Amino acid sequence: MKKRYLVTSALPYANGPLHIGHLAGAYLPADIYVRYLRLMGKDVVFVCGSDEHGAAITVRARKEGVTPREIVDKYHAIIRDAFQKIGIAFDIYHRTSEPLHHETSQDFFRKLLENGQFEEKESDQYFDETAGQFLADRYIVGTCPVCSNPDAYGDQCEKCGSTLSPTQLINPRSTLSGSAPVMRPTSHWYLKLDEHENWLREWINTGKADGKQLHEPAEWKNHVIGQCNSWLDQGLQPRAMTRDLDWGVDVPHEIPHSAGKKLYVWLDAPIGYISATKQWALDRGVDWEPYWKDNDTALIHFIGKDNIVFHCLIFPAILKAHGGFILPVNVPANQFLNLEGAKLSTSRNWAVWVHEYVAELPGREDELRYNMIKNMPEQRDSEFTWKGFQESTNTELVGNLAGFVHRVMVLTHKNYTGVIPAIDASREFKSGWDADTISTYDQELHLLHHKLEEMGREIEHFNFRDALRILMEISSAGNALLQFNEPWKIAGSDPELVKVVLNLGLQYVAALSVAMRPFLPFSADRLRGLLNLPALRDERELLDALNELAEGNPILRPNHALNPAEHLFTRVPDEVIAAQIQKLKAAEQANQQTAPAEPASTKMTYAPVKELISYDDFAQLDIRTGTILEASKVEKADKLLKLTVDLGFEQRTIVSGIAQHYQPEAIVGRQVIVLANLAPRTMRGIESQGMILLAEDAEGKLSFVSPETGWPDGGEVK
RNA sequence: GGCGCGGUAGCUCAGCUGGUCAGAGCGUAUGAUUCAUAAUCAUAAGGUCGGGAGUUCAAGUCUCCCCCGCGCUACCA
């Protein structure tokens, strides 16, 4: 194992609250891992923070009529508070709007520039002439080409979730002024990712970089490596690391052409991990550098699957391009959590919000954590249901775990006034692990030791569900131990047996009080209190317990006095579940009520009328009537149809993006309007000799412009 | 269209490099038990491992084709 650990969780974006999908994806697994490492006496730092830049925040601010600062302050507080209440034990929860972060990322940028890692390139981007500025993807809205949502953003349609680029939008318009943007050249710095492709491929697939074995690929999840190779095989392209924005980290001012340029959020956000570490070190008066630069540090990024490429390819490339930094030893990305059969959605309010959960179900933090871990999407998408939450809480936490703790403590109070009895270690009894096995105290302590080690191994391999299962096996074995030996029956006839069984049962409970800490930190604290043991400080207590057990020593010594027994968990009543389900149904209904109203044809969005042109300009267009003779789908393209159009004097091959609006067989014979003197363009290997003119309705649906009664082919449209 | 990851008992999910891999938890059924919040313990389910073909002495586990879900990506003058 490495000497020290640096663990990061994806920086939450500060334009909305935290939901259970975030928790299950990147925060809970990291928290378990970190708490475990601390209990094992490891040097570990766990950093996170709010990602507070990027256009989505400024767009939201504009919509709500407030400043970006107000937005990020608001959500930073909500998110930080939610983390704290649900027990995510960051060493620091930083924010990317801090000056320290700005300095850190600017220094990074300078260094990359100095190392020749950038290429400054000019490209055409949408520019808002009214507002006088370039428009980032999020500043452009238009009709989604996929689902016809009239308010899709330039990078993504929030309605159907499609990833878009601004040029794909139909009728693009600026959110700043509402006007139609124009294309203008602008210059940006591109990271030469293509030059990093080879070493990344080797590093991902063999774990080797610069001839050194840095990690074991077999330890990485399939879907992580698969996704990376998918990207690598398509060839990495230079990627712009700057944007034209007014909110974010400035491109350092001394660099020419830096005016009005900000660092791309995806560059600035992961550097946030570094800034957070620096701030943590400053607060402690220690050196941050070993955590990022020493080969004996294990860097681990916990993220959701949507961040894989960034954390496994682009950020490592950036770290290497800078030089001097270590690379992540693993990126255990989780898949997605669904809620009651549907994808979590912030915009549709289909979520369980963490800040609402802790307010509505106070004192049940661990119940949520337990359920999240039990259904953690480690290898594939998984599902959270309130019914499942209730069931596992009531049967596994209340029945099995809390029940075991309570019964063994009650029995101790009844028989020995709550004091751990001394035992005769040679006494034999039935093992809780197997009804047919006769065992001894020492053998059972060894078995417990073995189970705890096994649990630890699962955590070390990021198998948190399995680790939790093993934890619960200890509780089940404790229940079985009591069941098989029935101490309540033999208190009078065989007091020595009762002592051994209860003492051992209490050792299980004591072991659980430490071992459950990574998963159920609040309950672990409560249990320590019940057992009258010192509060956990997350400093090698599990390691100490393991060492004692390995020596054959019990964790609780004879004559130790317990506090009164209490239940660790309470049942979740039906009403609570019903109320939560009701809440989700209300959200669903609210969506259904607004949803049908929108596509209803009324909501036509009008693009502003373009600049005036002269008649001569118009006369340059040669528009003709024509008839479709043949139509077929273009291979390997979802939207293209290959058409043969008769213009009377000749036949043309025209490729048109209408496959999602028309079936090929249905349009043969249709009369259409053709722009006949458009320069030919090759699409998907087919040369298109013209363009079919189409009209668009409010939903973005395209239809041909055709005559009512027919006309000859090749006629001019004037 | 391409690529990636999945599609295993009613439900939620494990099954690494092919040969006790047909599993766990929950639910359900039966029995035991009463120390414990009707909690606990034991036993049971007969799921053709999405469908089809193939390789092999042997395939959820490898190859090919098809279907479905999720994610990434391309085309749209």
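None of the values given here were measured: they were computed from a predicted structure. Just so we're on the same page: letters track the sequence lines, and every chain starts at 1.
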Please report the distance separating the [atom1] of [N] from the corresponding atom of [M], rounded so that it comes out in whole Å.
N	M	atom1	answer
G51(B)	U8(B)	C1'	15 Å
C72(B)	U12(B)	P	23 Å
C13(B)	U20(B)	C1'	22 Å
U48(B)	G23(B)	P	14 Å
G47(B)	A14(B)	C1'	15 Å
C67(B)	G31(B)	C1'	45 Å
G50(B)	C68(B)	P	16 Å
A22(B)	A29(B)	C1'	22 Å

Once you apply the 3.5 Å cut-off to both distances, tell me the Watson-Crick or G-U wobble partner of [N], or none.
N	result
A45(B)	none
G10(B)	C26(B)
A32(B)	U40(B)
U17(B)	none

Under 4.0 Å between any heavy atoms, over every strand shown, what does [X] touch: base, sugar-phosphate, or nothing? Just pick one.
X	result
S656(A)	nothing
T395(A)	sugar-phosphate
G388(A)	nothing
F404(A)	nothing
K221(A)	nothing
T385(A)	nothing

As a test of reading the structure: which of [options] is closest to the side chain of [X], going by heavy atoms?
X	options	result
R469(A)	A24(B), G15(B), A77(B)	A24(B)
N222(A)	U34(B), A36(B), C5(B)	C5(B)
E391(A)	U12(B), C26(B), A77(B)	C26(B)

Please examine the side chains of P487(A) and L482(A), heavy atoms only from C-beta on, and report whether any two atoms are closer than 4.5 Å.
yes
Relative to each other, are the rings of [X] and [Y] parallel, tilted or perpendicular (30° and 60° limits)?
X	Y	value
H406(A)	H567(A)	tilted
F464(A)	F302(A)	tilted
W266(A)	H311(A)	perpendicular

Is G60(B) in the syn or the anti form, by the rule that syn lies within 90° of 0?
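For G60(B), whose glycosidic angle is within 90° of 0, the conformation is syn.
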Could you check D622(A) against R624(A) for salt bridge (Lys or Arg N to Asp or Glu O under 4.0 Å), going step by step and ending with a plain yes or no?
CA-CA 7 Å; D622(A) 191 330; R624(A) 302 289 182 130; 2.6 Å; yes
Please give me the minimum heavy-atom distance between L568(A) and L527(A), naming the atom from each residue.
CD2-N, 3.9 Å
Decide salt bridge (Lys or Arg N to Asp or Glu O under 4.0 Å) for E650(A) and R652(A); before the verdict, give the C-alpha distance in whole Å, the side-chain angles of both, and the deciding distance to 0.1 Å.
CA-CA 7 Å; E650(A) 68 179 34; R652(A) 296 274 187 96; 2.3 Å; yes
Interatomic distance where [atom1] belongs to [X] and [atom2] belongs to [N] [whole Å]:
X	N	atom1	atom2	result
L568(A)	A36(B)	CG	C1'	13 Å
L236(A)	C3(B)	CG	C1'	14 Å
L481(A)	C41(B)	CG	P	12 Å

At under 4.0 Å, does any side-chain N or O of K305(A) touch on OP1 or OP2 of G4(B)?
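It does not, given that no N or O in the side chain of K305(A) lies less than 4.0 Å from OP1 or OP2 of G4(B).
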Can you tell me if the side-chain N/O atoms of R571(A) get under 4.0 Å from OP1 or OP2 in A39(B)?
yes
Judged by each residue's nearest nucleotide on RNA chain B, which is more toward the 5′ side, F569(A) or A480(A)?
F569(A)
Most 5' of E378(A) and I225(A) on RNA chain B, judged by nearest nucleotide
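Between the two, 5'-proximity favours I225(A).
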Testing E383(A), E367(A), E396(A), E391(A) one by one against K374(A) for a salt bridge (charged side-chain N to carboxylate O under 4.0 Å, His left out), which residue passes?
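The single option meeting the salt bridge (charged side-chain N to carboxylate O under 4.0 Å, His left out) with K374(A) is E396(A).
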Looking at K305(A), I'd like to know if its NZ atom is crowded, meaning that more than 12 non-hydrogen atoms belonging to other residues, nucleotides or ligands lie closer than 6.0 Å.
yes
Counting heavy atoms not belonging to K451(A), are there more than 12 under 6.0 Å from its NZ?
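More than 12 within 6.0 Å, yes.
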Has the side chain of E383(A) got a donor or acceptor that lies under 3.5 Å from a partner of the other kind on the base of U12(B)?
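There is none.
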Under 3.5 Å, is there an N or O donor on one side and an acceptor on the other linking the side chain of R380(A) and the base of U8(B)?
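Looking at the base of U8(B), it does pair with a donor or acceptor on the side chain of R380(A) (distance under 3.5 Å).
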Considering only heavy atoms, which members of residues 406-416 of chain A lie under 4.0 Å from some atom of RNA chain B?
H406(A), R407(A), V410(A), L411(A), K414(A)
